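Convention: sequence-line order gives letters A, B, ...; per-chain numbering from 1. Nothing here was measured: the structure is a model prediction, and the numbers come from that model.
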Amino acid sequence: MEDKEILQAFRVSSNKDFAFKNLVAEYQERIYWHVRKILISHDDTDDVVQEVFIKVYKNLDTFREASQLFTWIYRIATNEALNFLKKRQRRHAVSMDDVYQELENTLSHGEHIDGDEIQMKLQKALLKLPEKQRLVFNMRYFDDLKYDDISEITGTSVGALKASYHLAVKKIEESLTTG
Amino acid sequence: MNNNDHDKNSLENLELKKLPFKVGEGYFNGLSERISNAIDAEESDLKYNLHLKKSPFVTPEGYFDTLSASIETKLSVGQKELKFYQRPLTRWLAVAASLTLLITIYFNQPSSADSDLLANVSDETIISFLESENGINDEFLISVEEIDSVLDAIYDDETGIFVNTLESNPELEYDFEYFDY
């Protein structure tokens with residue numbers, strides 16, 4: 001089902017659930033992997049992904065189609081994932097560095113992780129990046145999103161995104177070759 | 001030096017504003033592309049290493065087969081049932097408990113005679129008593145059912161304005177600070 005059809009169907013109350021089922025089927029994996037790369041833990045990701053789709057369901061009526069549906073959902077997912085980390089930081093009264101240290105521990109010892117040495121090294125290098133560079137790198141490198149789409153998701157200019165990505169690449173290559 | 005030479009050497013001579021440098025024809029037309037190519041070349045190790053692009057993360061078996069159902073369940077539960085802290089009875093109990101606590105504290109305040117008695121107790125004894133009291137309170141708090149929901153409610157109260165704004169306007173911009181390297 002195309003995005004347009006999903007949106008049209010969702011606006012008819014008798015088709016709402018059918019349309020939403022299709023939307024979840026269409027986007028669940030992309031959104032899951034996007035959030036998973038931010039939160040590392042499967043359980044945390046599961047919680048946040050469910051929350052993302054609940055928000056999508058509750059707000060889809062107000063979606064004005066000023067952006068593409070997938071960038072809109074990505075935007076909600078990104079906000080939810082980052083807010084999840086910030087909430088954890090506040091709840092435990094720790095610094096964001098501590099939160100990222102916890103993510104690294106999950107990466108090293110958590111469940112549902114099965115990468116070889118170099119893949120793990122890349123993920124650890126990513127955790128050392130500033131939050132925004134890490135986000136841009138994930139979306140560009142792993143998800144192959146266009147800068148224009150990342151710009152819609154993050155509300156940042158394409159030029160600034162290119163600069164962020166370029167810096168991230170340089171830092172990661174350095175980590176991979178030296179560390 | 002005649003007047004003509006003076007005018008030529010003055011910074012007010014607009015001819016001086018013209019740069020003596022030249023660029024090849026069409027240089028600026030292809031600049032953006034050349035920068036992109038240079039970036040691609042620099043990141044080539046990463047870009048063309050398909051092994052690195054593979055995620056080390058996995059999901060439990062059949063996870064995506066059940067995700068949709070889990071979301072639907074949560075949606076239907078959320079629509080039918082209020083959260084613990086939103087239930088009217090819970091709210092009344094919380095108010096009643098707070099009032100009871102305030103009344104208890106009011107009627108149990110130490111009199112001046114009690115304070116005099118405390119003066120005879122060593123500081124170490126008082127500190128160890130208070131520490132043991134705190135321990136009991138912590139244990140009590142941990143034992144309270146759904147304490148997470150209560151803490152979430154407090155957190156939501158603190159940040160409710162922002163969360164509600166975002167919920168009703170999910171297209172609002174997230175505060176990304178990309179130049180904060």
Please determine, among [options], the option with the most heavy-atom pairs under 4.5 Å with chain B.
| options | result |
| --- | --- |
| Gln119(A), Met120(A), Lys21(A) | Gln119(A) |
| Leu107(A), Asp116(A), Val24(A) | Asp116(A) |
| Ile118(A), Asp46(A), Leu122(A) | Asp46(A) |

Where the side chain of Asn22(A) meets the backbone of Phe18(A), is there a donor-acceptor pair that is under 3.5 Å apart?
->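 Confirmed, Asn22(A) side chain pairs with Phe18(A) backbone.
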
Taking the side chain from Glu80(A) and the backbone from Val49(A), do they hold a donor-acceptor pair closer than 3.5 Å?
->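 No, the answer is negative, given that no donor and acceptor are paired below the 3.5 Å cut-off.
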
Verdict with reasoning, Leu52(B) to Leu176(A), per side chain to side chain contact (heavy atoms under 4.5 Å, CB included) | CA-CA 11 Å; Leu52(B) 269 179; Leu176(A) 292 181; 3.9 Å; yes

Side chain, backbone, both or neither: which part of [X] has a non-hydrogen atom closer than 4.5 Å to chain B?
| X | value |
| --- | --- |
| Phe142(A) | side chain |
| Ile40(A) | both |
| Tyr27(A) | neither |
| Gln123(A) | side chain |

Report the relative orientation of the aromatic rings in Tyr32(A) and His42(A); use parallel for angles under 30°, tilted for 30 to 60°, perpendicular for over 60°.
->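 Tilted.
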
Lys37(A) and Phe57(B), any side-chain heavy atoms less than 4.5 Å apart =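 Yes, their side chains come closer than 4.5 Å.
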
For residues Tyr74(A) and Asp143(A), is any side-chain donor paired with an opposing acceptor at under 3.5 Å?
->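 Side-chain D/A pair, Tyr74(A) to Asp143(A): present.
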
